[in-house]
Chemist: 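Quick one: the structure is below, and I'll ask about it shortly.
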Amino acid sequence: MLLAIPDILSREQALAMRAELEAADWVDGNVTSGSGSASVKRNRQLPEQGAVTQAAQAQITEALMANAAFLSAALPHTVFPPLFNRYGGGETFGLHVDNSIRFHGPSGARIRTDLSATLFLTDPEDYDGGELEIEAHSGTKRYKLPAGHMLLYPSTSLHQVISVTRGERISCFFWLQSLVADPGERELLFDLDQTVQTLSAERGKADREVLRLTQIYHNLVRKLAQV
C-alpha cells in the first residue's frame, strides 16, 4: 500500500516544528544507516536523544494516534520513534531498501519494518529537487507533499530522495510494524474499513448493514492480527 495522508499536522504546526528543528544541532545522517545504504546517503539528521527531537517525536506520535486514516491503513503494532532528516544543496539519499529489522538502542526494542513513512515539514515551493521516488508495481513515482502531509509506503520498496538543488528539505521519517504482516491482507482490511466509514456517514452507525460490515471487519482483524 502506498498512501498519501493529508494533515497529520496542520501546515502551521508543521512549519512551526520545522523552525524549532532547524535551529537545533544536526549530525551526519549515516548514524542510522544500515550497511547497504551508508554508501548512497548524504544528508543530516537530528540526534535521537536531543530535547528538541523528543518534543517533536511526542507531538507527531500523538498526531498519528489521533489520525483515523493512518490507523486504518497501518494497523500499527509498534511505531519506531520518529526521526528527522535535512537535505541541502547537493544532498541526496540514493536508491536503497530499508532494513527489515530496526533496533532502537535507548529502549532495546526491535521491530519488523512493514511500512515506512515520510512526514513533510517543508512546503514544496521552498526547495527544488528533494522528491521521494518510490518504485512500485505500477511504476516509479515521485512525491513532494505539502507541509504536514505524510506518505505511507511499503518498507520492501526500493526508494530514494532526489538531490536537493535549491533551498532545504526538512522532514520526519519513521518505520512501523503492523498488526497484520501480510500487505495484501492489510490492504483488504483498509478497503473494507473505508467502506464501513463511508456507509456509517451515509446511514448512521446503528444501521443494520453497517453493523454487519463492522462485525465482519473486526472479526477479520481478530483473525489476522498478530499481537
Side-chain angles (χ1 to χ4, degrees), residues 1-10 13-14 57-83 97-102 104 107 109-120 132 134-143 145-146 148-159 172-227:
M1 176 185 295
L2 202 158
L3 181 68
I5 305 176
D7 300 322
I8 295 290
L9 298 175
S10 70
Q13 288 175 318
Q57 285 175 335
Q59 183 180 353
I60 289 171
T61 300
E62 182 179 0
L64 291 171
M65 294 303 107
N67 188 282
F70 168 75
L71 295 175
S72 178
L75 292 171
H77 177 286
T78 307
V79 177
F80 195 94
L83 300 172
V97 65
D98 291 336
N99 286 0
S100 55
I101 304 295
R102 278 284 169 181
H104 185 240
S107 67
R110 285 180 172 84
I111 72 164
R112 181 188 65 240
T113 57
D114 295 322
L115 290 165
S116 302
T118 295
L119 173 60
F120 291 78
L132 175 58
I134 300 174
E135 294 186 5
H137 295 302
S138 58
T140 300
K141 296 183 179 179
R142 290 184 175 184
Y143 299 86
L145 302 184
H149 293 216
M150 187 177 81
L151 192 70
L152 189 67
Y153 57 98
S155 299
T156 53
S157 62
L158 286 170
H159 57 281
C172 166
F173 68 100
F174 61 92
W175 310 272
L176 65 91
Q177 178 174 323
S178 177
L179 288 163
V180 177
D182 185 89
E185 292 173 348
R186 196 166 56 241
E187 189 162 352
L188 285 172
L189 287 169
F190 176 69
D191 289 343
L192 177 56
D193 187 43
Q194 294 307 292
T195 299
V196 171
Q197 298 308 316
T198 299
L199 291 176
S200 295
E202 293 175 356
R203 299 187 177 191
K205 293 182 179 180
D207 178 85
R208 184 73 182 178
E209 295 307 312
V210 171
L211 286 171
R212 184 172 177 80
L213 281 175
T214 302
Q215 178 189 32
I216 291 169
Y217 170 78
H218 284 287
N219 285 342
L220 282 172
V221 173
R222 192 173 285 113
K223 178 182 177 64
L224 299 173
Q226 304 167 1
V227 296

Chemist: Not counting sequence neighbours, which residues clear salt bridge (Lys or Arg N to Asp or Glu O under 4.0 Å) with Arg110? List them please.
Modeler: none

Chemist: For residues Leu220 and Leu189, determine if any side-chain heavy atom of one lies less than 4.5 Å from a side-chain heavy atom of the other.
Modeler: yes

Chemist: Do you know which two heavy atoms are closest between Ser155 and Trp175, and how far apart they sit?
Modeler: OG-CD1, 4.3 Å

Chemist: Do Ile8 and His149 have side chains that approach each other closer than 4.5 Å (heavy atoms only, starting at C-beta)?
Modeler: no

Chemist: Would you say that Arg186 contacts Leu115 through its side chain, given a criterion of any heavy-atom pair below 4.5 Å between the two side chains?
Modeler: yes

Chemist: Indicate every side-chain donor-acceptor pair of residues 63-78 with a distance under 3.5 Å to a residue at least two apart or in another chain.
Modeler:
{"residue": "Asn67", "atom": "OD1", "partner": "Ala69", "partner atom": "N", "Å": "3.2"}
{"residue": "Asn67", "atom": "OD1", "partner": "Phe70", "partner atom": "N", "Å": "2.9"}
{"residue": "Ser72", "atom": "OG", "partner": "Asp193", "partner atom": "OD2", "Å": "2.7"}
{"residue": "Ser72", "atom": "OG", "partner": "Gln194", "partner atom": "NE2", "Å": "3.3"}

Chemist: Does the side chain of Pro154 come within less than 4.5 Å of Met1's, by heavy atoms?
Modeler: no

Chemist: Between Thr140 and Ala136, is there a donor-acceptor pair closer than 3.5 Å when you use the side chain of the first and the backbone of the second?
Modeler: no

Chemist: Roughly how far, to the nearest 0.5 Å, is CG of Leu176 from OG of Ser116?
Modeler: 8.0 Å

Chemist: Under the rule for side chain to side chain donor-acceptor pair (under 3.5 Å), what residues qualify as partners of Gln13, not counting sequence neighbours?
Modeler: Ser10

Chemist: When rounded to the nearest 0.5 angstrom, what is the spacing between OH in Tyr153 and OH in Tyr143?
Modeler: 11.0 Å

Chemist: Would you mind listing every side chain to side chain donor-acceptor pair (under 3.5 Å) that reaches into residues 215-227, with sequence neighbours excluded?
Modeler: Asn219-Arg222

Chemist: Considering non-hydrogen atoms only, spot the tightest contact between Gln57 and Pro82 and give its length.
Modeler: NE2-O, 2.7 Å

Chemist: Hey, does Asp182 have a side-chain heavy atom less than 4.5 Å from the side chain of Leu224?
Modeler: no

Chemist: Any non-hydrogen side-chain atom of Phe190 less than 4.5 Å from a side-chain atom of Leu3?
Modeler: yes

Chemist: What distance do Arg112 atom CZ and Ser178 atom OG have between them, rounded to the nearest 0.5 Å?
Modeler: 7.5 Å

Chemist: Please tell me if the side chains of Leu2 and Ile134 come closer than 4.5 Å, counting only heavy atoms from C-beta onward.
Modeler: yes

Chemist: Measuring only between side-chain heavy atoms, which start at C-beta, is Ile216 closer than 4.5 Å to Leu192?
Modeler: yes

Chemist: As a quick check of understanding, evaluate side-chain contact (heavy atoms from CB on, under 4.5 Å) for Glu185 and Leu188, giving each step before the final call.
Modeler: CA-CA 5 Å; Glu185 292 173 348; Leu188 285 172; 5.7 Å; no

Chemist: With sequence neighbours excluded, tell me which residues meet side chain to side chain donor-acceptor pair (under 3.5 Å) with His159.
Modeler: His96, Asp98

Chemist: With rounding to the nearest 0.5 Å, note down the distance linking CD in Gln177 to CG in Asp114.
Modeler: 6.0 Å

Chemist: Quick one: salt bridge (Lys or Arg N to Asp or Glu O under 4.0 Å) pairs with a partner in residues 197-206, sequence neighbours left out?
Modeler: Arg203-Asp207

Chemist: Quick check for you: to the nearest 0.5 Å, what is the distance between Gln59 atom CD and Leu9 atom CG?
Modeler: 5.5 Å

Chemist: Just by distance, do the side chain of Ser157 and the backbone of Glu135 share a donor-acceptor pair under 3.5 Å?
Modeler: no

Chemist: Once you round to the nearest 0.5 Å, how far does OG1 of Thr61 lie from CZ of Phe80?
Modeler: 11.5 Å

Chemist: For the residue pair Ala14 and Gly148, what are the closest heavy atoms and their distance?
Modeler: CB-N, 3.5 Å

